[in-house]
Structures are given as structure tokens and as C-alpha cells.
Number of protein chains: 4
Amino acid sequence: MPKVVPEYKEEARRKIIQHASHLFSEKGYTRTKMTDIAESVGVSKGAIYQYFESKSEILLAVLESYTALRELEVRKFLNTKGLKFLATGDFFDKMLSLRKNSLLITPEILQETAGNMTVLKWIQDGSEKWLQGLKDLIDGLIEVGEISISISSEVLARGIIALRDGLYNSLSLGADVNKVRNTWVEIMGILMKQALN
Amino acid sequence: MPKVVPEYKEEARRKIIQHASHLFSEKGYTRTKMTDIAESVGVSKGAIYQYFESKSEILLAVLESYTALRELEVRKFLNTKGLKFLATGDFFDKMLSLRKNSLLITPEILQETAGNMTVLKWIQDGSEKWLQGLKDLIDGLIEVGEISISISSEVLARGIIALRDGLYNSLSLGADVNKVRNTWVEIMGILMKQALN
Amino acid sequence: MPKVVPEYKEEARRKIIQHASHLFSEKGYTRTKMTDIAESVGVSKGAIYQYFESKSEILLAVLESYTALRELEVRKFLNTKGLKFLATGDFFDKMLSLRKNSLLITPEILQETAGNMTVLKWIQDGSEKWLQGLKDLIDGLIEVGEISISISSEVLARGIIALRDGLYNSLSLGADVNKVRNTWVEIMGILMKQALN
Amino acid sequence: MPKVVPEYKEEARRKIIQHASHLFSEKGYTRTKMTDIAESVGVSKGAIYQYFESKSEILLAVLESYTALRELEVRKFLNTKGLKFLATGDFFDKMLSLRKNSLLITPEILQETAGNMTVLKWIQDGSEKWLQGLKDLIDGLIEVGEISISISSEVLARGIIALRDGLYNSLSLGADVNKVRNTWVEIMGILMKQALN
DNA sequence: CATGAATGAGACTTCATTCAT
DNA sequence: TATGAATGAAGTCTCATTCAT
């Protein structure tokens with residue numbers, strides 16, 4: 001693509017965000033040096049600064065780049081034919097691959113963005129989005145009479161998300177992925193059975 | 001040879017570990033400077049190096065310092081009169097306060113200790129310990145005929161721990177602690193009801 | 001061979017010199033970036049290098065561009081009807097506006113051009129030119145018997161120029177322009193009265 | 001001096017300020033690198049940052065370091081036995097050496113400190129101080145009936161200072177120091193004669 | 001043993017200049 | 001010839017670690 005075309009700049013940004021995101025996930029924010037990003041993208045350090053004012057700006061751009069993705073994720077839930085699908089290994093795998101393509105909000109990142117209220121809000125909204133999407137799905141199913149639950153839809157949604165996050169966490173601590181997937185299926189099975197009474 | 005010296009040295013190490021742990025939890029490993037630790041302990045930077053070879057060594061010592069604590073935690077589970085107690089808000093609160101007094105194994109810390117197989121193993125053992133302790137408790141109750149469960153005790157244990165970690169995670173992202181505690185109680189209630197059939 | 005090209009080139013150079021001069025005056029040499037100049041002129045950074053080999057070359061060209069102007073300035077003195085006019089507020093204001101349209105030789109600029117003997121000589125010549133012009137004017141008036149002075153014409157000229165520069169300097173340090181103009185008028189009045197005895 | 005003594009720190013700061021001041025005067029602010037300062041002082045770059053947070057802080061400290069000096073300068077005026085002494089070559093030389101030991105407020109420095117209202121005020125106060133001191137001296141002499149002047153004491157003071165600054169400026173542009181000194185003596189002679197009528 | 005000043009490697013960032021398009 | 005993205009040298013600043021006192 002010719003460099004004069006305005007889309008080129010957007011494309012270059014995207015590329016940097018992509019590589020930075022990957023590196024941040026792998027090595028963490030602090031341990032990722034501008035040099036690493038530049039080398040990964042295949043340009044000089046200076047070039048990066050044509051697209052981002054600072055390393056910190058890159059982090060923000062990376063975080064923002066997942067906004068669209070998050071919407072997409074949640075919609076995947078909504079497209080599901082019924083809650084039962086949630087309790088499958090396939091669904092768990094899908095979630096996992098989504099996670100791998102996004103940036104985990106670690107304490108380090110929270111600290112780095114601390115003070116930036118916009119981003120903090122953005123992060124919290126993102127975490128709300130899953131909750132809300134799942135809750136809406138459940139409420140929808142209740143409304144059409146497909147299910148009835150003994151606990152509030154919000155609590156159920158919150159529990160499901162916590163289970164997901166906790167299991168994901170265990171993976172990074174070295175847990176066996178098959179055991180983890182199985183746990184998801186079994187525990188979700190219990191929760192679903194309870195929900196669909 | 002005076003006995004005081006080694007004891008004093010041990011005491012000094014303990015103090016440093018304590019303060020470092022607190023700072024690592026609060027600000028993260030990278031953002032905690034040697035100066036911060038020295039100031040917190042109330043000694044000079046140079047003095048720290050009499051007890052630890054490097055900042056990284058302090059981290060390892062901090063991690064190791066929780067070995068005893070972890071045993072203690074798990075034993076708290078075992079002292080519980082039955083599984084039902086697990087599904088209470090009181091129990092959730094107790095776990096929470098335990099967490100606050102220990103060092104969360106963040107990605108940043110995993111990265112910092114990467115390459116040190118001993119520590120990695122140690123970390124994984126720690127995460128296993130909870131799992132094992134909970135599983136043993138469940139198995140014990142099954143054995144005495146108090147409960148019978150439809151899923152394996154390991155899966156149940158794994159699910160409970162994931163729920164705990166996921167909920168804890170949501171707290172750091174700004175979730176309301178009362179809602180989170182309630183979710184613990186309700187979801188655990190379902191799991192327990194299912195388990196104790 | 002088309003004549004247009006060299007003329008166009010000259011025009012482009014002139015434009016760059018003009019804008020650069022303005023920026024150098026406003027922000028200083030170091031703080032003026034090539035980007036600033038390019039933006040001010042309305043061309044790309046790269047284009048500038050078609051007309052000047054370096055930023056430093058632009059500075060030299062800017063300095064040289066005032067050669068003609070300086071002659072003009074001095075001639076304005078000579079056009080004056082008698083010395084008395086020098087001691088007026090109008091004259092002071094005219095000088096001031098001339099200053100604003102030229103580049104003040106600051107220490108920064110002297111340092112930047114240090115080592116370039118041609119330019120250093122050129123700068124000193126420029127400062128001599130005022131002195132000489134003023135001296136010539138005074139000498140001319142003495143010759144025609146209009147005035148007679150108790151000190152040498154060179155000393156008087158030097159004093160007048162110093163007064164001008166010192167007052168100008170005080171302006172940049174925040175002095176009130178009316179007070180400064182008044183000082184010019186009053187002090188020059190004394191000097192003139194003394195001169196014209 | 002032992003490094004633990006608190007005075008040592010003050011001494012180190014003083015040393016840095018001294019060397020920095022010299023370098024700023026010689027090469028200008030921007031062209032003086034932290035490396036230059038460190039090398040001049042004879043320490044590593046990092047050491048400087050134990051005493052000053054930034055290069056810009058050093059500049060401020062340098063500026064402030066002349067507060068005492070400025071008071072001293074002005075008092076020198078007041079100690080003068082009568083105005084006549086002002087119009088001597090000795091006095092000119094004394095002023096010159098004072099100048100050489102302080103930091104000239106160049107446009108570059110004004111730009112660097114722009115935005116820092118405290119410093120701007122400080123700079124303007126400094127320039128006021130000379131004016132005020134000189135004016136007070138003149139007023140004092142008028143009061144005791146030693147002199148009477150045809151213009152206001154402020155205007156005279158302002159003119160004298162401008163003359164001084166303008167002559168000093170001509171020196172940095174290569175003027176001959178003897179001619180400049182002579183100009184001071186002669187022009188001041190005229191002004192004094194006028195003042196003391 | 002303790003102190004804290006000094007070190008120096010290395011991080012982020014800037015910007016004059018070059019060069020592919 | 002014009003563009004502006006890329007380069008890379010160099011500058012400011014940080015901080016774990018060392019070491020003279």
C-alpha cells in the first residue's frame with residue numbers, strides 16, 4: 001500500500017496495536033520495551049512515534065481496539081440457541097480463543113492506567129458488558145417461558161462469568177486444559193439444570 | 001559465636017519480606033522500587049542488600065513466605081463443619097481477608113519468576129494445595145456418607161476454586177462487594193444442593 | 001532551458017527564509033523544528049531540503065537576508081532631517097517595528113553560527129553598519145556646521161545604539177513600552193542638547 | 001567532607017549550580033547537555049539527579065542562586081560616593097565582572113522558563129531591582145540637595161541601565177572593550193553633567 | 001553492619017535528515 | 001519535484017546495584 005494513502009496510516013497503527021497487544025499479553029506492559037514493539041513490527045523505534053505519542057498511548061489504543069471485539073463476543077452468546085450450549089466444551093474453547101486474542105486486564109495494566117478515568121470507566125464497562133449480555137439472554141429465555149430460575153438472572157450471570165475467569169486463571173497457573181474444560185462443562189451443567197427447572 | 005546474629009538476620013529478613021509483600025500487592029512488582037521497600041522498612045537501600053542479593057530474590061522470598069500460610073488456609077477449610085459452611089457470606093469474607101494478606105500471583109510475577117523452575121513448581125503446588133484440600137474434604141464427607149455427589153470431587157473442588165478466583169477478580173475490576181458476596185452464596189448454594197442430594 | 005525554474009527556486013527559498021525568520025524570532029532557533037518551518041510554509045519537510053541543505057543553512061540564509069534590510073534601515077537614519085528627529089517617540093516606534101521584522105542576534109544564534117567565520121564577520125559588520133551610518137550622519141551635520149559636539153561622533157553613535165538595544169532588551173523582560181519610549185525620548189533629548197551646543 | 005553530613009548535599013548542589021551556570025552562559029541552555037554538566041562537575045549523569053529533578057530544575061536553581069548576588073550588586077551602587085563614580089571606567093569594569101559571574105537572561109532562557117510564573121516574576125523583579133536601587137540612589141542625592149535633575153529619577157535610572165545593557169550587548173557582538181568602556185564614561189559623563197546642574 | 005551518594009546500563013522520547021514512492 | 005514515513009543518533013531520565021565512608 002502506498003505510504004501517501006491515508007489508509008496506510010490507519011493500517012500502520014493497526015499493525016502496531018496488534019504486535020503490541022501480543023507482546024503485552026506475553027511479557028506484560030512494563031517488560032515490553034519500545035524496542036520490542038519496533039522489532040516485532042519490523043520498523044525502527046522512532047517510527048512508532050509517528051503513530052503514537054507514547055508507550056502509554058499504545059496501551060490505551062490496544063485496550064480500545066477490543067471494544068468491537070467485546071461486542072462481538074457478547075453477541076456470540078446471544079446467538080446461542082438456548083442456554084444449554086453455554087455448558088459445552090465447544091463453547092468453552094471458543095471463549096478461550098477469544099481471550100487469547102485479546103488483552104487480559106492485569107493488575108499491572110490497571111495500575112498503569114490508574115488516574116485515567118476514561119480508561120478505567122472503559123474497562124469497567126467492558127466487564128459490565130459480558131454481565132449484561134448474559135443477563136439479557138437469561139431474561140429473554142425466562143420471558144418466552146423457556147426457563148425459570150430460582151435465583152436472579154444477574155447472580156447467575158455473575159456466577160457464570162466468575163467461573164469462566166477463575167478457570168482461565170487456573171490455566172495460566174499451569175492447570176490441565178482438559179480438566180479445566182471438563183470442569184466448565186460439569187459445573188455449568190449443574191447450574192443450567194438448576195436454572196432450567 | 002553469638003546466636004543473636006543469625007536470629008537478628010532472620011528477623012530483618014522477615015521484616016523486609018513483610019513490607020515488600022505489601023508493596024508488591026499494592027503497586028505491583030515492577031512499580032515497587034528498592035527505595036520504596038527500604039523506606040517502608042525504615043532502613044537504607046544498602047541495608048536491604050545485606051539480606052537479599054537482589055530485588056528478584058526478595059520476590060522469591062515473599063512467595064516462599066506464603067507456604068506456611070497456604071497450609072493454614074487449607075486447614076481452615078478442613079476445620080469447617082461440613083460443606084454447607086462454604087456457601088456462607090462469612091466464609092467468603094474470611095477467604096477475602098486471607099487473600100488480602102497474601103500475594104496474588106499475577107502475570108507480572110509469573111513473568112518475573114519465569115525460568116526459575118523451582119518457583120514455578122512451587123507456585124503450581126500452591127494452587128494444587130487448595131484443590132487437593134477441598135477435594136479431600138469432599139471425599140471425606142462422601143466416605144462418612146454425609147454427602148453423595150453426581151460429579152467427581154475434583155471437578156467440584158476445581159469449580160469452587162474457580163468461582164472464588166473469578167469473583168475475586170471481578171472485585172478488582174470494580175464490582176460491588178456485596179453483590180459479589182451474594183453471588184458466592186447463591187451459586188455455592190446451588191452447587192451444594194446438587195452435591196448433597 | 002526554462003528560466004522559470006531558478007526563479008521559482010529563488011521564490012521558494014525566500015518564502016522559507018521568511019517563515020523561518022519569523023519562527024526563529026518567536027521561539028528561538030533550537031525550539032523551532034523543521035516541522036514547524038515546513039508547516040508554516042505549507043510544504044512538506046522533505047521539500048525544505050530541496051532548497052536548503054540543513055537547518056543551519058536556513059539560519060545563515062535568514063541572517064544574510066537582512067543585509068539588504070540593514071542598509072535600508074541605516075538609510076532611514078540618513079534621510080532624517082537632522083538629529084533632533086532621532087529623539088522622538090515616532091522614531092523609536094519605527095525602530096521597534098524594524099526590529100520586529102528582523103532577526104535579533106541572540107547568544108543562541110551566535111553559538112549556533114560559532115565557527116563559521118564568514119557569518120561571524122557578517123554579523124559584526126551588521127552591527128558596525130548602524131554605528132557607521134549614525135556616525136556618518138553626525139559627521140555630516142558637523143561638517144555643514146549644523147552641530148558641534150564635545151565628544152567624538154563615534155562615541156555618541158555607540159551610546160545611542162547601546163541605549164536603543166538596552167531599551168529594547170528591557171522590553172523583552174517585561175518593561176512597559178510607554179515608559180521605555182519615554183526614556184528614549186528624554187535621554188536622547190539630553191544627549192542631543194549636549195551634542196547641539 | 002563526609003557524604004553523610006547534610007551540608008554535603010548542599011555543597012554538591014552548589015557545585016552543580018556553579019558548573020551549570022558556567023556552561024549555560026557559555027553554550028546556552030539547550031546546547032548544554034546533562035552529560036556536559038556531569039563531566040564538568042566530575043560525576044556521572046545519574047548523580048546529578050540526586051540533587052535536581054530535571055535539567056529545567058537546574059536552570060531555576062541557577063537563576064535563584066543569583067538573588068543574593070543581585071542584592072549585592074545594587075548595594076554596590078548605593079555604597080558609591082555620589083553619582084559621579086558611576087561614570088567611571090572602574091565602575092564599568094566592576095559591573096562587567098559581575099555580569100560575567102551571573103547568568104544572562106537570554107530569550108532562550110525566557111522561553112525555557114515561560115509558563116513558570118514564579119520564575120518569570122523573579123526575573124522581572126531582578127530587572128526591577130537595579131532600576132529601583134539606582135532610582136533610590138538618585139532620589140537620595142536629590143533629597144540631600146546634592147543634585148537636581150531635569151528629568152525624573154526613574155527615567156534617568158532606566159536610561160543608565162539601558163546604556164549598560166546595550167553596551168554589554170555590543171561586547172558580545174565583538175565590539176572592542178576599550179571603546180565600549182570609553183563610551184560608558186563619556187555618555188555617562190553627559191548624563192551626569194545634565195543631572196547635576 | 002549501615003548509610004546513601006554514585007554508578008551505569010538502559011529505558012523512553014525527539015528530531016534533523018534521508019529516501020522510497 | 002513533492003511527500004511524509006522511516007531512520008538513528010542523541011538526549012533526558014530511572015533505578016537496581018555498588019561502595020566509600
Report the nucleotide, chosen from E/dT3, F/dG11, F/dA2, that has the shortest atom-to-atom distance to any side-chain atom of B/Val43. E/dT3
Side-chain atoms of D/Tyr49 come closest, of F/dT12, F/dT17, F/dG4, to F/dT12
Atom CD1 of D/Ile16 and atom C1' of F/dT12 are separated, to the nearest Å, by 15 Å
Please give, in whole Å, the distance from F/dC13 C1' to A/Lys33 NZ? 14 Å
Do any side-chain nitrogens or oxygens of C/Ser44 fall under 4.0 Å of OP1 or OP2 in F/dG4? no
Atom CZ of B/Arg14 and atom CD1 of B/Ile17: how far apart are they, to the nearest 0.5 Å? 8.5 Å
Euclidean distance, C/Leu23 CG relative to C/Leu103 CG, rounded to 0.5 Å: 11.0 Å
B/Tyr51 near the nucleic acid: base, sugar-phosphate alone, or nothing, with a heavy-atom cut-off under 4.0 Å? sugar-phosphate
Side-chain ion pair, A/Glu26 and A/Arg31, N-O less than 4.0 Å: no
F/dT3 phosphate, OP1 or OP2, under 4.0 Å from A/Tyr8 side-chain N/O: no
Report the distance from atom CZ of D/Phe52 to atom C1' of F/dT12, rounded to the nearest whole Å. 16 Å
Taking CE from A/Met34 and P from F/dG11, how many angstroms apart are they, rounded to a whole number? 20 Å
For nucleotides F/dT21 and E/dC1, find the distance between their P atoms and express it as a whole number of Å. 22 Å
Going from OG1 on B/Thr30 to CD1 on B/Ile109, what distance comes out if it is rounded to the nearest 0.5 angstrom? 9.0 Å
Of B/Ser54 and D/Glu53, the one whose closest nucleotide on DNA chain F sits nearer the 5' end is D/Glu53
Grab the CD1-P distance between B/Ile48 and E/dC1 for me, whole Å please. 15 Å
Any strand: nucleotide that pairs with E/dT14 via Watson-Crick or wobble, under 3.5 Å: F/dA9
Rounded to the Å, how far apart are D/Lys55 NZ and E/dT13 P? 19 Å
Rounded distance (Å) that lies between atom C1' of F/dT1 and atom CD of C/Glu11: 17 Å
Measure NZ/D/Lys15 against P/E/dA5 and give the value in whole Å, please. 14 Å
With nearest nucleotides of DNA chain E determined for C/Ser56 and A/Thr32 from heavy-atom distances, which residue corresponds to the more 5′ nucleotide? A/Thr32
Side-chain contact, heavy-atom cut-off 4.5 Å: A/Val43 with A/Ile16? no
For B/Lys45, which contact category applies under a 4.0 Å heavy-atom criterion: base, sugar-phosphate, or nothing? base
Distance test, side-chain N/O of A/Lys9 to OP1/OP2 of F/dA5, below 4.0 Å: yes
Which residue is it: D/Gln18, D/His19, D/His22, D/Lys15? I am looking for the one with a side-chain hydrogen bond (donor to acceptor under 3.5 Å, both in side chains) to D/Ser40. D/His19
Please state whether the phosphate of E/dA5, meaning OP1 or OP2, lies under 4.0 angstrom from any side-chain nitrogen or oxygen of D/Gln50. yes
Checking N1-N3 plus N6-O4 or O6-N4 for Watson-Crick, or N1-O2 and O6-N3 for wobble, each under 3.5 Å, the partner of E/dA9 is F/dT14
